[in-house]
Amino acid sequence: MNVKTAIITTIEKTLTRQSIDYPEIEVEVPNDKSHGDFSTNIAMKLARVLRKPPLKIAEELVQASDFDQSIFTAVFVARPGFINFTVNKAIYHDLIPRINDAPSDYGTLTIGKGEHYNIEFVSANPTGSLHIGHARGAAAGDALARVLVKAGYQVTKEFYVNDGGNQINQLAASIKARYNQAFGINQAVPEDGYHGPEIKKLADEIIKEVGDRFLHEEGVEFFKAYGVDSLLASLKEDLAQFNVTFDVWFKESQLYKENRIEETLNVLKDRGYTYEEDGALWLKTSLYGDEKDRVIVKSDGTYTYITPDIAYHYDKLSRGYTKLIDILGGDHHGYVPRLKAAIAMMSGQEEMLDVELLQMVKVLQDGQEIKMSKRSGKSITLADLMAEVGKDPIRYFFAMRSLNTHMDLDLDLALKESNENPVFYAQYAHARIASLFRQAETKGYQVDPTLSTFSTLNGEKIEYLLTVLSEYPDAIEEAATKRIPHKITHYIHRLAQALHSFYADEIILSEDAVKVRERLALLHAVKAVLKDALTLVGVDAKERM
RNA sequence: GUUUCGGUAGCUCAGUUGGAUAGAGCAACGGCCUUCUAAGCCGUCGGUCGGGGGUUCGAAUCCCUCCCGGAACGCCA
């Protein structure tokens, strides 16, 4: 039973009967409890059309409409023209057995029916460790993917491995330099190379395996392959520990091997989107809103960065997804128009690719900003962070923020592991119920998840808890359609708050067996929804804390 | 200079297809543990929504303009 739908259809019926043309009827949950449980501003919208005071329209509308009295305990008009509704919270009792019967079904939607999304995120180069920026991408992309799945979309999560470009040559050269250094040869790591400690470690490993062999041989191919393989393996490991997995790991080198880039270029040439100038091949991206055309084959015959990336997206298109989503760092925003242009050329649809930009994370320590530096190899790695604070606070923290907001991460705060971190609040709510259940058992009470009729679930705290439970599907829908996974952490917080407030308000394991049984069934449902929502942002629901 | 993201409470952030008295967490302050986990609850304090104009019944939200900060502007990746 959906209350919003009931309101909308009732009003629609009235307006249609009166032959009034009406705009979309919006029903929302007011911020202020004194405005009821639901409200609509339709009378204000109609004021323009009907040329009558909104207050009067609202009153007449309420008079003429037949709102179901078993759902609504009050329908009232408020200045300047809102119609507010108070609902009988007993209608939410149905939710309890429904949730308890199939916990993961609750909030599961079908709005993505028939759609298959491909979502690409992180896609860090295999040239070093994952840092804090990648962590944000991983947390955001994974949460979004899970929310989309929950909303009924089919989703493929994908990681593009840049193992074909010039940066891999730099990687090999960097490892080689560290390798030589280990033998006392004074050779600096190239200026544009990779300076992190993980590169040194790799060189040491290689020496253990092959000794001084590459003092006499060039070994570039060996260093490339070894470096990419082992850095990729550790990326995967870090991500897995961060509770992020991918369905597809797509290697750029595969595009070269299978001649896919030439193939893609031919498609673009055949469709007349290219031309030659100054000895280079250009793509007419300005046709699709880019500020100028872009070179895709340089005059020396090599490709620019975007060329294999276009071929990669062409491959994704060929796999039949209905939508491609790329989650990119905000520093790539200038790259987006040309990529979208290329995809429009290949797919014939300008809206095929959605790009979600993540803004930079500013890291603070002792009140000072820590700058990442490629040259010194200094950066805060995901692995270090997880070792110090654990996966959950980091995931929750990133999931709390909207994707395209600039954000600050205060390390002193993050490392504190105190209640300043809101993830504990949510996990505690879940653990609290678990603890209560253990306690109930020792007192001889059974949690009965099949309980379906209730007579004692009333009072402000319980009704609020039921109301918040009822809002879960709406939260999922909004998070999925607007691509705002932080809606989920907001929901989690509201539910945890409702739980804590109720818990503090009364002794649940009282002497009244009926009351106890009904409350335990309610809490069983709350626990299940908390867990489901936490899972959407990749956070564990703990049984104990 | 152009493009782009941002500027909302002391701090970190929601709210931005125009709606009710602008919200939350943290911090601060005051209460609540002989009773199911106090990582909790209840309450208080806290705002010229960067500035200024405009549009209208109504603007944090739309338009114009200015100020401040991040980022991108390559036949680099």
Side-chain angles (χ1 to χ4, degrees), chain A residues 24 26 28 30-32 34-35 39 41 44-45 47-48 53-54 78-82 84 125 127 162 164-168 170 192 277-282 291-292 294-309 329-337 357-362 364 367 397 400-410 413 417-429 431-440 442-443 445 461 482 484 486-487 489-490 493-494 496-497 499-510 516 519 523 544-545:
Chain A
E24 189 195 350
E26 293 169 271
E28 58 174 24
N31 295 321
D32 189 331
S34 70
H35 297 135
S39 110
N41 63 354
M44 271 127 72
K45 282 185 164 185
R48 290 168 208 264
R79 187 187 54 86
F82 289 99
N84 297 331
N125 293 343
T127 53
N162 279 110
N166 194 39
Q167 74 271 13
I168 299 303
Q170 292 295 346
D192 302 339
E277 194 176 293
D278 302 331
L281 189 69
W282 296 70
E291 56 181 299
K292 60 180 185 182
R294 306 290 170 173
V295 169
I296 49 175
V297 182
K298 293 185 255 179
S299 51
D300 67 359
T302 60
Y303 304 129
T304 57
Y305 175 76
I306 196 174
T307 314
D309 205 17
D331 54 341
H332 287 77
H333 84 263
Y335 182 72
V336 175
L357 289 176
L358 288 172
Q359 297 302 326
M360 305 271 112
V361 180
K362 189 203 278 183
L364 303 165
F397 182 79
M400 276 169 66
R401 310 301 188 207
S402 70
L403 301 186
N404 71 358
T405 196
H406 299 266
M407 56 179 281
D408 289 2
L409 173 63
D410 186 335
L413 215 68
E417 195 168 346
S418 71
N419 61 345
E420 285 167 43
N421 199 324
V423 70
F424 295 115
Y425 185 77
Q427 287 181 315
Y428 182 44
R432 230 179 183 178
I433 298 174
S435 166
L436 188 75
F437 285 0
R438 288 191 296 269
Q439 196 67 32
T442 67
K443 293 194 176 180
Y445 287 111
K461 303 289 183 182
K482 294 188 180 170
I484 46 172
H486 67 265
K487 196 81 200 173
T489 56
H490 290 185
H493 187 266
R494 269 162 61 73
Q497 192 173 48
L499 180 277
H500 285 310
S501 180
F502 164 59
Y503 184 96
D505 193 52
E506 63 171 275
I507 301 290
I508 295 157
L509 300 177
S510 65
V516 172
R519 278 156 180 69
L523 292 178
R544 286 171 204 276
M545 286 181 76

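Quick caveat, the model's predicted, so the values are computed rather than measured. The sequence lines fix the lettering, A, B, ..., with proteins before strands; numbering per chain opens at 1.
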Reading nucleotides 6-12 of chain B from the 5' end, what letters show protein touch, with B for base, S for backbone sugar-phosphate only, - for no heavy atom under 4.0 Å? S-----S
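With B/C75, B/A20, B/C73 as the candidates, the nucleotide lying closest to the side chain of A/E291 is B/C73. Among the nucleotides B/C36, B/C75, B/G15, the one closest to the side chain of A/H486 is B/G15.
Checking the phosphate oxygens (OP1, OP2) of B/G19, no side-chain nitrogen or oxygen of A/R79 falls inside 4.0 Å. Close to B/A14, at under 4.0 Å from its OP1 or OP2, lies a side-chain N or O of A/S402. OP1 or OP2 of B/C42 lies within a sub-4.0 Å distance of a side-chain N or O belonging to A/K461. The side chain of A/Q497 contributes no N or O atom lying less than 4.0 Å from OP1 or OP2 of B/A24. Listed pair A/S501 / B/C42 meets the phosphate criterion, a side-chain N or O lying under 4.0 Å from OP1 or OP2. OP1 or OP2 of B/A77 has at least one side-chain nitrogen or oxygen of A/K298 nearer than 4.0 Å.
Map A/A504 and A/G279 each onto its nearest nucleotide of RNA chain B; the residue landing nearer the 5' end is A/A504. Comparing A/L403 and A/F502 by the nucleotide of RNA chain B whose heavy atom lies nearest to each, the residue mapping closer to the 5' end is A/L403.
Between A/M400 and A/H486, the shortest heavy-atom contact is O-CB, 3.2 Å.
Checked by distance alone, A/D331 brings no side-chain donor or acceptor within 3.5 Å of a matching partner on the base of B/A77. The base of B/C36 is not paired with the side chain of A/S435 by any donor and acceptor separated by under 3.5 Å.
To the nearest angstrom, P of B/G15 lies 12 Å from CE of A/M400.
Of all nucleotides present, only B/G1 satisfies the Watson-Crick or G-U wobble test against B/C73, with each distance under 3.5 Å. Searching all strands for a Watson-Crick or G-U wobble partner of B/G6 with both distances below 3.5 Å returns B/C68. Across all strands shown, B/C41 forms a Watson-Crick or G-U wobble pair, both distances under 3.5 Å, with B/G31.
Scored by the ring pair (Phe, Tyr, Trp, His ring centres under 6.0 Å) test, A/H332 finds no partners at all (sequence neighbours excluded).
Centre separation under 5.5 Å together with a plane angle under 30° holds for the ring of A/H35 and the six-membered base ring of B/A20, marking them as stacked. Stacking between A/Y335 and B/A72 is absent: the aromatic ring centre is not both under 5.5 angstrom from the base six-membered ring centre and within 30 degrees in plane angle.
Here B/C33 is in the syn range [glycosidic angle within 90° of 0].
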